[in-house]
Amino acid sequence: MIDFILPLFGRFHPILVHLPIGFLVFGVILIFWFEKKYAVYSPVIQFAFLLGAISALLASISGYLQYQNEGYGWDTVKFHLILGIFTTILSFGLWYHLKKAVSTPTQLKIKGASLIMIITITGHLGGNITHGDDYFTEVLPPEIQALLGGDASTTEPLELPADNWEEVEFYSGAIQPILDQNCKSCHNPNKLKGELDLSSFAGIQKGGEDGHILESGNPEESALFSRLVLPKDDDDHMPPKDKRQPRKEEIELIKAWIESGSSENAKLGESAIKVSLVEPFFKRNEIPFYPVVDVAKLPQDSISKLRDQGFFAEIVKKDSPLLKVSCINFPGFSDSDWYMLQSAKNQIVYLDLTGTAISDDILEQIATLPNLTVLKLNQTAIEGSGLGKLAENKNLKLLYINNTQVTREKLSVLDGHPALEKVFAFESPAADAASSSQFSFYLETGNLSLPPLPTDTIVY
């Protein structure tokens with residue numbers, strides 16, 4: 001019933017380890033600060049080192065218990081543990097020397113400075129164990145990481161080529177990336193939880209402290225798979241419920257690999273798996289909706305000024321220079337107010353002039369927006385005489401002319417527009433179903449009807 005006490009105390013190591021650092025650094029500072037008044041402050045300095053030594057002893061014990069119970073390899077913790085014990089011994093030694101006054105002030109300074117250096121190295125090694133050797137460098141650009149001798153590789157979600165996925169090696173190209181993203185943080189040569197290394201094929205074959213985890217052809221008897229599908233509240237479920245969980249498609253892929261014989265070199269196409277199993281991992285080159293352009297960000301005070309003038313203005317997404325601008329709260333906006341938008345003409349990609357007092361004359365000004373992608377002219381006096389000007393908006397994809405007087409004839413000047421995909425023309429002459437005009441863009445008129453259902457005739 002009390003077997004949990006030692007492992008629990010071991011888990012307090014990351015907390016306890018900060019106590020000796022604080023006490024001992026404080027003691028060293030007092031040695032330097034009160035050098036000339038040492039006799040007055042000696043009891044305080046002695047007490048600081050005594051507390052530091054005791055807490056260092058507790059931290060060393062808890063660290064050793066954590067090493068014993070958390071599956072860390074000896075090569076990973078040995079220098080950190082040895083230096084932690086040395087710090088404890090040196091701390092007690094300094095306390096004794098201070099108490100017996102066997103060292104001169106200069107000697108105390110040297111010992112104190114040495115202690116600080118050892119604490120720094122010990123703490124650095126402990127940080128590497130907790131956060132990884134690349135904790136400080138992983139945020140640096142890959143080029144700088146490589147220059148410093150680090151590993152610039154990153155753990156990315158599994159992606160497979162859609163055109164020749166059959167040629168990808170099942171293990172190295174699909175299974176190992178899944179394990180790297182979901183399991184490697186706890187099961188690697190530097191942190192062998194359960195004595196299990198999932199960072200290589202050899203490690204998987206070797207298994208862990210509970211024996212083999214792979215039974216080729218039998219996923220249900222393979223812990224590598226069976227633990228993944230246990231309920232999250234089960235103690236044997238892996239990864240632990242507070243860690244990243246693999247997607248169900250990834251688990252199915254691991255199952256298929258084991259069923260196929262769990263070979264190291266076999267290709268996906270040799271495993272007789274269905275394309276539906278790998279399709280969720282196909283690379284998809286998404287085409288951004290808004291143009292990818294190099295424009296300067298509009299200063300925040302300029303955006304604030306637009307808002308003060310009555311516009312609704314916001315960036316399309318975080319860190320983007322592109323803007324959405326709407327007159328939803330500015331119905332009085334007219335052709336003569338266009339100057340207010342001049343400062344943002346390169347950043348505006350979405351412009352909503354619905355319900356404003358504009359006329360066809362403003363289309364000439366709108367044509368000067370080089371990155372405009374969405375334009376809404378709903379419920380305005382626009383008749384379409386200047387729509388041809390919008391041919392200059394090379395990125396325009398969506399045009400809204402709902403509830404205007406634009407006819408199909410006027411709209412035809414945009415036929416062949418290089419980017420225009422869809423025009424919305426609800427409740428306007430352009431929605432006249434009698435016309436058979438066909439355009440290069442899709443004309444959404446809103447004249448949709450659903451077939452009657454049998455339930456529509458039921459009388460209750």
Side-chain angles (χ1 to χ4, degrees), residues 4 7 11 69-73 76 130 132 153-162 165-166 168-284:
F4 70 90
R11 293 200 171 193
N69 293 284
E70 296 294 325
Y72 289 98
T76 303
T130 303
S153 61
T154 57
T155 302
E156 299 291 345
L158 172 61
E159 283 190 341
L160 297 172
W165 62 269
E166 298 94 339
V168 175
E169 289 191 352
F170 207 153
Y171 166 70
S172 62
I175 301 304
Q176 191 58 60
I178 295 174
L179 299 179
D180 285 348
Q181 190 176 42
N182 298 285
C183 311
K184 186 179 175 181
S185 61
C186 292
H187 301 287
N188 61 75
N190 293 325
K191 189 176 183 182
L192 288 171
K193 282 200 171 183
E195 298 299 321
L196 179 62
D197 180 9
L198 295 179
S199 65
S200 67
F201 186 77
I204 296 171
Q205 292 291 324
K206 180 180 178 182
E209 63 184 8
D210 294 329
H212 293 294
I213 63 168
L214 195 59
E215 296 291 338
S216 294
N218 193 342
E220 284 72 20
E221 295 298 323
S222 301
L224 181 64
F225 168 76
S226 62
R227 287 199 173 200
L228 295 174
V229 295
L230 288 173
K232 287 185 181 180
D233 292 331
D234 193 303
D235 291 339
D236 291 330
H237 173 83
M238 286 293 160
K241 62 181 180 180
D242 58 334
K243 299 288 187 179
R244 178 208 297 273
Q245 300 297 310
R247 296 159 49 190
K248 63 179 182 179
E249 295 89 351
E250 293 174 328
I251 296 174
E252 286 300 312
L253 206 55
I254 292 175
K255 180 181 180 183
W257 177 63
I258 298 173
E259 286 177 336
S260 69
S262 54
S263 167
E264 181 179 10
N265 300 313
K267 292 182 168 55
L268 282 167
E270 299 169 357
S271 306
I273 62 174
K274 296 180 179 179
V275 66
S276 59
L277 192 61
V278 295
E279 191 173 12
F281 304 103
F282 286 167
K283 293 181 182 178
R284 291 177 172 82

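Starting from 1, each residue takes its place in the sequence as its number.
- Taking each heavy atom of Ser216 and Gly261 in turn, the nearest pair found is OG-O, 3.4 Å.
- In this structure, the separation between CZ on Arg227 and SG on Cys183 is 11.5 Å, given to the nearest 0.5 Å.
- Below 30°, between 30° and 60°, or above 60°: for Phe201 and Trp257 the angle between ring planes is above 60°, a perpendicular geometry.
- Minimum heavy-atom separation, Ser199 to Asn188: OG-CA, 4.3 Å.
- For Asp235, the salt bridge (Lys or Arg N to Asp or Glu O under 4.0 Å) criterion is met by no residue, not counting sequence neighbours.
- For Gln245 (side chain) and Pro240 (main-chain N/O), a donor-acceptor pair under 3.5 Å exists by modelled atom type.
- With hydrogens and angles disregarded, no donor-acceptor distance shorter than 3.5 Å links the side chain of His237 to the backbone of Val229.
- Counting heavy atoms from C-beta on, the side chains of Pro239 and Arg244 never come closer than 4.5 Å.
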List the steps, then state whether side chain to side chain contact (heavy atoms under 4.5 Å, CB included) holds for Lys206 with Asp197. CA-CA 8 Å; Lys206 180 180 178 182; Asp197 180 9; over 6 Å; no

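- Arg11 pairs by the side chain to side chain contact (heavy atoms under 4.5 Å, CB included) definition with Glu70, not counting sequence neighbours.
- Taking the side chain as every heavy atom from C-beta outward, Pro157 and Arg247 never approach each other to under 4.5 Å.
- With values rounded to the nearest 0.5 angstrom, Gln176 atom CD is found 10.0 Å from Glu264 atom CD.
- Contacts of Phe281 classified as ring-ring contact (aromatic ring centres under 6.0 Å, His included), with partners at least two apart in sequence or in another chain: none.
- Residue pairs meeting the side chain to side chain donor-acceptor pair (under 3.5 Å) criterion with at least one partner in residues 265-280, sequence neighbours excluded, do not occur; the list is empty.
- Residue Gln205 comes nearest to Ser262 through the heavy atom pair NE2-O, 4.4 Å, listed as atom of the first residue, atom of the second, then distance.
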Candidate pair Leu160 and Leu268, rule side chain to side chain contact (heavy atoms under 4.5 Å, CB included), full reasoning: CA-CA 11 Å; Leu160 297 172; Leu268 282 167; 4.1 Å; yes

Leu198 vs Ile213, test: side chain to side chain contact (heavy atoms under 4.5 Å, CB included). Steps then yes/no. CA-CA 10 Å; Leu198 295 179; Ile213 63 168; 3.6 Å; yes

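- Inter-residue side-chain proximity for Glu250 and Gln181 is flagged as met; some heavy-atom pair is nearer than 4.5 Å.
- Every residue was checked against the salt bridge (Lys or Arg N to Asp or Glu O under 4.0 Å) condition with Asp234, not counting sequence neighbours, and none meets it.
- Listed by first and then second residue, the salt bridge (charged side-chain N to carboxylate O under 4.0 Å, His left out) pairs that reach into residues 212-223 come to none, sequence neighbours excluded.
- For the side chain to side chain contact (heavy atoms under 4.5 Å, CB included) criterion with Pro246, the lone passing option out of Leu158, Ile251, Leu253, Ile254 is Ile251.
- A donor-acceptor pair under 3.5 Å links the side-chain atoms of Ser200 to the main chain of Gly203, judged by distance alone.
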Show, in sequence, the C-alpha distance, side-chain angles and deciding distance for Leu196 and Asp210, and conclude whether the side chain to side chain contact (heavy atoms under 4.5 Å, CB included) test is met. CA-CA 9 Å; Leu196 179 62; Asp210 294 329; over 6 Å; no

